[in-house]
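For reference, the structure is listed below as structure tokens.
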Amino acid sequence: MSTEQKLITTPITADFLRGHLDVEETAHGLLPHRLPARARRQIPDDQLAVAEAQPSGVRLAFRTSATTIRLDTLPTKRVYRGFPPPPDGVYDLLVDGRLTAQATVDGGNLRTITDMQTQTAEFTPGPVGTAHFTDLPAGEKDIEIWLPHAEITEVVALRSDAPVEPAPKTGRRVWLHHGSSISHGSNAVSPSTIWPALAASAGDVELINLGFSGSALVDPFTARAMRDTRADLISLKLGINVVNGDTMRLRAFAPAIHGFLDTIREGHPAIPLLLVSPVLCPTQENTPGPLMPDLSGGTLKFKATGDPAETAAGRLTLTIVRDVLADIVEQRSAEDPNLHYLDGLDLYGESDHDEFPLPDAIHPGPEGHRRIGENFTKRVFANNGPFAITPN
């Protein structure tokens with residue numbers, strides 16, 4: 001009997017999943033979502049609809065003695081017309097918390113973006129594929145398979161050479177994080193090496209990552225989703241999408257942040273809540289959006305196209321946003337001592353940019369993700385940081 005014939009097939013149920021807020025049953029299996037159905041009904045554009053369905057931070061968690069595992073999935077891959085296709089999404093397999101193996105999945109659906117600004121797309125269906133993991137350590141172990149952070153993934157079945165069962169709850173604190181494309185994992189090479197995943201591992205917490213590429217826009221439905229999600233720690237990394245989308249002026253931005261915080265506090269009145277301002281992004285530090293693609297150098301980069309003189313009329317830059325967010329926390333913290341502020345420049349500032357420049361002018365590369373994760377851990381989880389474990 002061949003190895004494939006000996007494998008046990010286990011259908012995926014919601015009990016196997018971590019890091020999601022909802023699960024949709026499809027014709028093939030389960031599609032994890034990072035926003036609940038009520039919020040999804042209020043999404044106004046395809047960009048967020050796609051981003052929340054990309055399983056950044058979502059992983060399968062199970063216990064087994066298997067040394068061979070096959071994960072059947074149906075990915076939806078994204079390509080931009082006129083550009084080379086990006087590499088296939090990576091599946092990270094962790095054994096007892098350590099990255100042990102990686103795989104990709106051939107085939108799948110194809111979403112071809114025909115207009116980068118409007119995100120107009122053509123959809124081509126494709127087949128289910130398989131991520132292969134072999135020669136895993138012997139013996140009973142806890143396994144996590146982190147799904148590709150930027151590839152919509154329907155999970156179909158697990159096949160293994162020993163029985164599997166959903167992993168028991170860890171009892172670790174739950175960290176609920178919301179941010180933009182950097183939090184989503186743009187330019188990271190694999191799902192367990194995006195900066196929130198690295199920080200979560202270092203901080204020994206369970207991550208729920210609501211990092212939405214291009215879509216951290218202070219949306220009320222996201223605030224309500226966070227209000228209604230069980231969490232022990234919450235962080236909000238806000239501002240850059242508002243600037244690069246040119247979606248608000250100063251008059252609207254500050255009250256929107258207050259409203260976002262008010263909504264979260266309705267469900268989480270006293271847990272640590274951290275407001276984080278944007279990391280360094282030279283093209284937007286003092287120039288308003290909108291951000292536009294720039295192909296003048298032969299590779300895709302981005303540049304801000306607004307007029308700095310219009311900041312006097314309320315247009316936003318990253319410098320202005322940092323001041324606004326710091327002022328809001330200072331104002332509110334007198335009555336909310338568990339509300340904290342972290343300057344994004346302390347996560348990735350000028351010296352970090354000198355060492356690890358932004359490859360496309362707005363997103364860090366793999367080294368930048370690691371640096372942000374390290375700095376977040378030092379300032380937030382360690383010592384006397386807002387998410388440090390306080391002695392009883």
Side-chain angles (χ1 to χ4, degrees), residues 3-37 40 50-77 88-97 99-109 125-134 136 140-170 174 185 190-192 197 206-210 229-230:
T3 300
E4 292 297 328
Q5 291 173 320
K6 295 178 183 178
L7 296 182
I8 302 166
T9 298
T10 304
I12 303 295
T13 63
D15 291 341
F16 283 93
L17 292 169
R18 303 284 188 272
H20 63 297
L21 296 190
D22 196 11
V23 176
E24 176 187 353
E25 292 189 10
T26 71
H28 300 280
L30 294 182
L31 174 62
H33 286 279
R34 295 185 295 132
L35 282 175
R40 298 199 304 274
V50 170
E52 73 81 27
Q54 293 173 335
S56 180
V58 179
R59 60 269 184 206
L60 279 69
F62 53 95
R63 181 166 287 174
T64 185
S65 61
T67 59
T68 296
I69 292 173
R70 309 277 192 259
L71 175 62
D72 297 332
T73 70
L74 178 62
T76 295
K77 302 177 181 182
D88 288 337
V90 175
Y91 295 71
D92 283 348
L93 185 144
L94 280 65
V95 174
D96 295 331
L99 180 60
T100 302
Q102 295 180 309
T104 58
V105 170
D106 294 332
N109 304 322
V128 170
T130 302
H132 299 264
F133 302 100
T134 58
L136 300 178
E140 195 79 4
K141 51 194 169 289
D142 288 322
I143 288 183
E144 291 182 339
I145 300 177
W146 288 63
L147 303 177
H149 56 283
E151 202 169 83
I152 294 174
T153 305
E154 298 174 55
V155 289
V156 179
L158 273 172
R159 291 179 289 132
S160 56
D161 61 357
V164 302
E165 61 181 19
K169 301 296 184 183
T170 65
V174 175
S190 74
S192 70
E206 292 286 335
L207 172 66
I208 300 176
N209 183 25
L210 305 187
T229 299
R230 191 188 81 76

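In what follows, every heavy atom counts, from backbone to side chain, and hydrogens, waters and symmetry copies are set aside. Positions are given from 1, in the same order as the sequence printed here. Remember, predicted model here, so these are calculated numbers, not experimental data.
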Legend entry - Thr130 side chain vs His132 backbone, donor-acceptor pair below 3.5 Å: no
Legend entry - Gap separating the OH atom of Tyr91 from the OG1 atom of Thr104, nearest 0.5 angstrom: 8.5 Å
Inset, instruction - Flag the pair Leu7 / Arg70 as yes when at least one side-chain heavy-atom distance between them is below 4.5 Å, and no otherwise. - result: yes
Legend entry - Exercise: do Thr73 and Glu154 side chains pair donor with acceptor under 3.5 Å: no
Inset, instruction - Might you confirm whether atom CD of Glu25 has over 12 heavy atoms from other residues, nucleotides or ligands at distances under 6.0 Å? - result: no
Inset, instruction - Can you see which heavy atom on Phe133 is nearest to which on Ala101, and at what distance? - result: CD2-CB, 3.8 Å
Legend entry - Donor-acceptor pair, side chain of Glu206 and main chain of Val174, under 3.5 angstrom: no
Legend entry - Pairwise side-chain contact, Asn209 with His20, heavy-atom cut-off 4.5 Å (strictly under): no
Legend entry - Closest non-hydrogen atom pair, Thr153 against Pro148: OG1-CD, 3.9 Å
Inset, instruction - For the pair Ser160 (side chain) and Pro163 (backbone), establish whether a donor and an acceptor sit closer than 3.5 Å, ignoring hydrogens and angles. - result: no
Legend entry - Considering all heavy atoms, the nearest Pro127-Leu74 contact: O-CD1, 3.3 Å
Inset, instruction - List the steps and the verdict of side chain to side chain contact (heavy atoms under 4.5 Å, CB included) for Leu31 and Val23. - result: CA-CA 6 Å; Leu31 174 62; Val23 176; over 6 Å; no
Inset, instruction - Give a yes or no on whether a salt bridge exists between Asp161 and Lys6, defined as a side-chain N under 4.0 angstrom from a carboxylate O. - result: no
Inset, instruction - Answer yes or no: is there a side-chain heavy-atom contact under 4.5 Å between Pro191 and Leu147? - result: no
Legend entry - Nearest atoms (heavy-atom pairs only) where Ala197 meets Ser192: CB-O, 3.6 Å
Inset, instruction - Could you walk me through whether Phe16 and Val164 pass the side chain to side chain contact (heavy atoms under 4.5 Å, CB included) test, one step at a time? - result: CA-CA 10 Å; Phe16 283 93; Val164 302; 4.1 Å; yes
Legend entry - Close side-chain approach of His33 to Leu21, heavy-atom, < 4.5 Å: no
Legend entry - Among Asp142, Ile12, Ile145, Thr10, the one residue meeting side-chain contact (heavy atoms from CB on, under 4.5 Å) with Phe62: Ile145
Legend entry - side chain to side chain contact (heavy atoms under 4.5 Å, CB included) assessment of Glu140 paired with Arg63: CA-CA 7 Å; Glu140 195 79 4; Arg63 181 166 287 174; 3.1 Å; yes
Legend entry - Donor-acceptor contact below 3.5 Å, side chain Arg34 vs main chain Ala51: yes
Legend entry - Value rounded to 0.5 Å, distance of CG in Asp15 from CD in Glu165: 11.0 Å
Inset, instruction - Look only at the side chain of Lys141 and the backbone of Leu136, and say whether a donor-acceptor pair between them is shorter than 3.5 Å. - result: no
Inset, instruction - Could you please spell out the steps behind the side chain to side chain contact (heavy atoms under 4.5 Å, CB included) verdict for Lys77 and Asp88? - result: CA-CA 8 Å; Lys77 302 177 181 182; Asp88 288 337; 3.0 Å; yes
Inset, instruction - Drop me the distance from His149's NE2 to Arg59's CZ, to the nearest 0.5 angstrom. - result: 15.0 Å
Legend entry - Gap separating the CG atom of Leu207 from the CZ atom of Arg18, nearest 0.5 angstrom: 13.0 Å
Legend entry - Side-chain heavy atoms of Thr67 within contact of Thr134, under 4.5 Å: no
Legend entry - Lys/Arg-Asp/Glu bridge criterion (N-O < 4.0 Å) met for Arg40, Asp22: yes
Inset, instruction - Give, for atom CG of Asn109 and atom OG1 of Thr76, the distance between the pair rounded to the nearest 0.5 Å. - result: 4.0 Å
Inset, instruction - Might you point out which heavy atoms bring Ser190 and Val90 nearest each other, and give the distance in Å? - result: CB-CG1, 3.9 Å
Inset, instruction - Working to the nearest 0.5 Å, report the span between CZ of Arg159 and CG of Asp72. - result: 4.0 Å
Legend entry - Closest approach of Thr9 to Ala157 (non-hydrogen atoms, all atoms of both residues): CG2-CB, 4.1 Å
